[in-house]
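Report on one structure; see the data block that follows.
Predicted, not measured: the structure shown is a model, and the values here were computed from it.
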Amino acid sequence: MAPQEHQDSSFSWIMRSGWHGLCPRCGKGKMFKSWLKIADKCENCGLDYRFAAPDDGPAFFSLCIVAFPLTFIIVWLQVTYEPPVWVHLFTSVPLMAAGCLLPLRPIKGWLVASQYVNKAQEAGTDALWAKLHDVADREKESRDG
Ligand SMILES: [Zn+2]
C-alpha cells in the first residue's frame, strides 16, 4: 500500500472516531464514560485506553481558536448595536460558554484517536490497517445496503 493512502485513511479514521467519540480500534465501543472522561477500556473490543492520556493543553489551545472569533462577534455586536449589558447576559455569555465547552469533546476524541493511530503506525502493524479498512468497508456496505 502506498504511504499516501495510509495517511488519508488514517486521517479520516481519526476524524470520524474522534468526532463520534468511538473506539479508534473497532469503531464501535464508546471512548468516553462521561462528558470528558475517557473510559478505562473499550466495551466492545477491550482496547485499553490507558495509552491515551491527552493532557488538556492542546484542547484548550484549540479552544482559543474558537473563542477568538466569538470575542470578535461580541465586540462587533457591542459596537454596532450598543446593546445594554443585560443583552450580553443572554447572548454573549451562553455563546462563549457553548463555544468553549462544545468543541472540547471532539478535540479530545481526536487527540486520543490520533494517539492510537500514531502508536500503531510506529509499531508498523499492517494488521491494524487491514482492520481499519475492514471496518470502513463494512460500514460502507451497511450504508449502501
Ligand atoms: Zn474498541
Handout entry: Shortest non-hydrogen contact between Ile14 and Val117, atoms and distance
Key = CG1-CG2, 3.7 Å

Handout entry: Check: Tyr81 and Val87 side chains under 4.5 Å, non-hydrogen atoms
Key = no

Handout entry: Side chain to side chain, Pro83 and Gln78, heavy atoms closer than 4.5 Å
Key = yes

Fill in the blank from the handout: Heavy-atom nearest pair, Cys26 first then Cys42, reads SG-SG, 3.6 Å

Exercise for the section: First locate atom OG1 of Thr91, then atom CD1 of Ile73, and finally report the distance between them rounded to the nearest 0.5 Å. Expected result: 11.0 Å

Practice task
Answer yes or no: are there more than 12 heavy-atom neighbours, outside Trp86 itself, under 6.0 Å from its atom CH2?
Solution key: no

Problem - Straight-line distance of Met15 CE to His20 NE2, nearest 0.5 Å - result: 10.5 Å

Practice task
Kindly compute the distance separating CZ (Arg105) from CE (Met31), expressed to the nearest 0.5 Å.
Solution key: 9.5 Å

Exercise for the section: Examine Val93 and Leu104 and state if one hydrophobic cluster contains both, with Ile, Leu, Val, Met, Phe, Trp and Tyr joined whenever side-chain heavy atoms are less than 4.5 Å apart. Expected result: no

Exercise for the section: State plainly whether one hydrophobic cluster holds both Val75 and Leu70, where clusters connect Ile, Leu, Val, Met, Phe, Trp and Tyr through side-chain heavy atoms under 4.5 angstrom apart. Expected result: no

Handout entry: Pairwise distance CG(Leu22) to NZ(Lys28) - rounded to 0.5 angstrom
Key = 10.0 Å

Practice task
Find the distance between CG (Leu77) and CZ (Phe72) and round it off to the nearest 0.5 Å.
Solution key: 13.5 Å

Exercise for the section: Work out which heavy atom in Lys33 is nearest to a heavy atom in Ile38; give both atom names and the distance. Expected result: CE-O, 3.9 Å

Practice task
Indicate whether any N or O donor in one side chain lies under 3.5 Å from an N or O acceptor in the other, for Trp110 and Ser114.
Solution key: no

Practice task
Find out whether Asp40 and Tyr49 are in side-chain contact, i.e. whether some heavy atom of one side chain is under 4.5 Å from a heavy atom of the other.
Solution key: no

Problem - Heavy-atom closest contact (Met96 atom, Thr71 atom, distance) - result: CE-OG1, 3.9 Å

Practice task
Indicate, with yes or no, if Phe11 and Tyr116 share a hydrophobic cluster defined by side-chain heavy-atom contacts under 4.5 Å among Ile, Leu, Val, Met, Phe, Trp and Tyr.
Solution key: yes

Problem - CG-CD1 distance between Leu36 and Ile107, expressed to the nearest 0.5 angstrom - result: 10.0 Å

Handout entry: Contact check, side chains of Arg25 and Asn44, non-hydrogen atoms, under 4.5 Å
Key = no

Handout entry: Nearest heavy atoms of Ser17 and Pro24, plus distance in Å
Key = OG-CA, 4.1 Å

